[in-house]
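In what follows, a single structure is set out as structure tokens and then discussed.
The structure displayed is predicted, hence computed values, not measured ones.
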Amino acid sequence: MSASTPSWSDLLLGTEPRLRNRSLLTLLGSLVYVVWLLALVLFAMPQQRVSPELGRVFMVLMVPGILLFYPLVRSGRTQNFADPDLMSVQILWGCLIAVVAYATVPTGRAALLQTMGLALVFGFMSLSARTALQTGVILIAMLMAMLASSFVIPLPQFNPTAQTVKLLAASFIMGLITLQSLKFARLRERVLTERRELAAAQLALERVTRHDGLTGLLSRLYGQERLEREHQRAQLTGRTFGVVLMDLDHFKQINDRHGHQVGDEVLVAFAQAAREVLRDTDLIARWGGEEFLIILPDTHEAGKALQALERLQARLRTSVVSETVPALRVSFSAGYALWSAPEDVDVLLQRADRALYVAKNAGRDRCVQAD
């Protein structure tokens with residue numbers, strides 16, 4: 001079989017995992033109906049345990065179980081239903097056939113009650129709490145309706161008084177099964193809810209650890225992690241990259257003169273300007289209070305990186321960085337280093353840091369390339 005030819009299991013069940021499970025359960029249910037039909041045609045009717053007229057009624061009732069449920073589930077049309085497996089419908093349809101058989105076929109009535117109880121148990125693992133309750137109530141209602149009709153319509157070898165005790169006992173047991181199913185379904189739903197809440201909490205925690213709460217830039221921890229990844233990629237591919245360490249000039253004076261709220265506004269404005277000027281592939285992290293790290297993947301020429309930093313400097317010279325102090329302007333000093341094999345990340349950062357130190361000593365508001 002070629003790789004492009006789907007297997008028989010894929011054709012019968014589909015390829016999506018949830019659809020496969022639903023299709024498999026429904027297909028097994030269809031096979032049960034086929035077995036019932038064969039038993040009816042090959043055993044019950046020839047031995048006159050079931051009359052031909054009643055046999056035809058059972059055949060009609062079995063048609064949906066054989067020909068309807070599986071195609072609906074396999075087609076995926078039920079996936080948006082509250083009960084995508086059609087489990088409740090299948091249980092109730094099978095129980096309807098069993099109730100009709102209980103009323104009209106004297107032999108095997110105890111087995112039919114057991115079958116209905118097992119059908120409820122079968123729905124434990126998939127029915128929602130509401131659907132489980134509805135299924136149990138409807139099944140008990142069918143039994144009570146059959147019992148009530150027996151007092152009006154004579155049924156073969158059916159003593160209404162004696163059957164009342166049996167059916168009430170069976171209904172009581174099925175009620176207990178329904179309550180247990182309801183309890184189990186609620187527990188399952190609570191577990192699923194807790195799992196979703198845990199996943200959401202993990203995602204929120206990941207966002208917090210990955211991003212700086214004030215500027216929205218990458219956090220230092222995650223910036224370090226991305227730098228290590230870029231270093232590993234460069235070692236494997238030989239494609240070089242650059243890093244920039246930058247510091248906002250005289251930021252302490254801004255905090256001292258205007259307050260920390262203005263300082264926060266400056267940091268947010270700088271982060272926004274940096275995101276707009278840098279390439280989509282570039283990564284910027286808040287490295288410290290007013291210090292930032294930029295990772296420049298696939299950068300081979302120092303001149304282009306320095307041009308990007310100069311564009312950012314020019315943007316800041318004309319940008320309003322604080323609504324509280326509109327006239328305030330901010331600049332930065334930066335040190336740039338280009339990685340070359342087999343240099344370690346720590347050595348690369350040290351070179352960028354030395355270049356930043358040179359930029360500060362040279363009067364700030366400038367970018368210096370590392371040796």
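Taking CD1 of I91 as the reference point, atom CG of L118 lies at 11.0 Å (rounded to 0.5 Å). Summarising the geometry, atom OG belonging to S51 is positioned 8.0 Å from atom CZ belonging to R56; distances are rounded to the nearest 0.5 Å.
For S181 (side chain) and I177 (main-chain N/O), no donor-acceptor pair under 3.5 Å exists by modelled atom type. Checked by atom type and distance alone, the side chain of R74 pairs as donor or acceptor with a backbone atom of L11 at under 3.5 Å. With hydrogens and angles disregarded, a donor-acceptor distance shorter than 3.5 Å links the side chain of R351 to the backbone of L338. Checking side-chain atoms of W339 against main-chain N and O of E343 turns up a donor-acceptor pair under 3.5 Å. Judged by distance alone, the side chain of R22 and the main-chain N or O of D85 form no donor-acceptor pair under 3.5 Å. When atom types are taken as modelled, the side chain of R366 and the backbone of R364 share a donor-acceptor pair closer than 3.5 angstrom. Using modelled atom types, no side-chain atom of S23 and backbone atom of R20 make a donor-acceptor pair closer than 3.5 Å. R188 places a side-chain N or O within donor-acceptor distance of the main-chain N or O of L127, the cut-off being under 3.5 Å.
In plain terms, the two heavy atoms of R279 and T299 that are nearest each other are NH2-OG1, 3.2 Å. Contact record, L92 with M142: O-CE, 4.0 Å, taken as the closest heavy-atom pair. The heavy-atom pair separating Y70 from S30 by the smallest distance is CB-OG, 3.7 Å. Heavy-atom minimum distance, S219 versus Y222: OG-N, 3.2 Å. Between L143 and V99, the closest heavy-atom pair is CD2-CG2, 3.9 Å. Considering every non-hydrogen atom in both M116 and C95, the closest pair reads CG-SG, 3.9 Å.
Salt-bridge check for D365 with R329: failed, with every basic side-chain N at 4.0 Å or more from each acidic carboxylate O. The residues R220 and D212 are annotated as not salt-bridged, no charged nitrogen and carboxylate oxygen being separated by less than 4.0 angstrom. Residues R233 and E230 are paired through a salt bridge, judged by an N-O separation under 4.0 Å between the basic side chain and the carboxylate.
Hydrophobic clustering (ILVMFWY, side-chain heavy atoms < 4.5 Å, transitive): L309 and I295 are in distinct clusters. Criterion: ILVMFWY side-chain heavy atoms under 4.5 Å apart, direct or through other members. Under it, V105 and Y102 are part of a common hydrophobic cluster. L245 is not connected to V330 by any chain of hydrophobic side-chain contacts under 4.5 Å among Ile, Leu, Val, Met, Phe, Trp and Tyr, and they are in different clusters. Hydrophobic clustering (side-chain heavy atoms under 4.5 Å, transitive across Ile, Leu, Val, Met, Phe, Trp, Tyr) groups L267 together with M246. Both I97 and L139 are part of a single hydrophobic cluster, where members link through side-chain heavy atoms under 4.5 Å apart.
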- Show the numbers, then the answer: is there a side chain to side chain contact (heavy atoms under 4.5 Å, CB included) between I254 and L248? CA-CA 10 Å; I254 294 175; L248 296 187; over 6 Å; no

- Message: What verdict does the side chain to side chain contact (heavy atoms under 4.5 Å, CB included) test give for L168 and M144, after you've listed the backbone C-alpha separation in whole Å, the side-chain angles of each residue and the deciding distance to 0.1 Å?
- Response: CA-CA 8 Å; L168 286 177; M144 292 298 98; 4.0 Å; yes

- Item | side-chain hydrogen bond (donor to acceptor under 3.5 Å, both in side chains) between S333 and D249, worked out | CA-CA 7 Å; S333 303; D249 295 331; 2.7 Å; yes

- Using the side chain to side chain contact (heavy atoms under 4.5 Å, CB included) rule, take L218 and E225 through it: C-alpha gap first, then chi angles, then the decisive distance, then the call. CA-CA 10 Å; L218 300 181; E225 181 181 330; over 6 Å; no

- Message: Please determine whether side chain to side chain contact (heavy atoms under 4.5 Å, CB included) holds for the pair T26 and L86, giving the CA-CA distance in whole Å, both sets of side-chain angles, and the decisive distance to 0.1 Å.
- Response: CA-CA 8 Å; T26 309; L86 296 181; over 6 Å; no

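Q313 has its side chain within reach of C367: a pair of non-hydrogen atoms, C-beta onward, lies under 4.5 Å apart. Using a 4.5 Å heavy-atom threshold, the side chains of M59 and M45 count as touching. Residues T281 and D298 form no side-chain contact, since every pair of their non-hydrogen atoms from C-beta on lies 4.5 Å or further apart. Counting heavy atoms from C-beta on, the side chains of L61 and W93 come closer than 4.5 Å.
A donor-acceptor contact under 3.5 angstrom links the side chains of E265 and T324, judged on distance only. Neither side chain, E228 nor Q232, offers a donor N or O lying under 3.5 Å from an acceptor on the other. Side-chain polar atoms of Y33 and Q90 form no donor-acceptor pair below 3.5 angstrom.
Around the CG atom of D371, the shell of radius 6.0 Å holds no more than 12 heavy atoms that belong to other residues, nucleotides or ligands. Atom CD of E323 has 12 or fewer neighbouring heavy atoms from other residues, nucleotides or ligands inside a 6.0 Å radius. Heavy-atom neighbours of E276 CD from other residues, nucleotides or ligands within 6.0 Å: above the threshold of 12. Atom CZ of R257 is surrounded by 12 or fewer heavy atoms from other residues, nucleotides or ligands within 6.0 Å. When the shell of 6.0 Å around CD of E194 is examined, it contains more than 12 heavy atoms from other residues, nucleotides or ligands. Heavy atoms of other residues, nucleotides or ligands lying less than 6.0 angstrom from CZ of F251 number more than 12. Around CZ of R275, the count of heavy atoms belonging to other residues, nucleotides or ligands within 6.0 Å exceeds 12. In R315, the CZ atom is crowded: over 12 heavy atoms of neighbouring residues, nucleotides or ligands sit closer than 6.0 Å.
Ring pair F292/F270: centre-to-centre distance below 6.0 Å.
Taking the six-membered ring where tryptophan is involved, the planes of H231 and F241 are perpendicular, since the angle between them exceeds 60° and thus also 30°.
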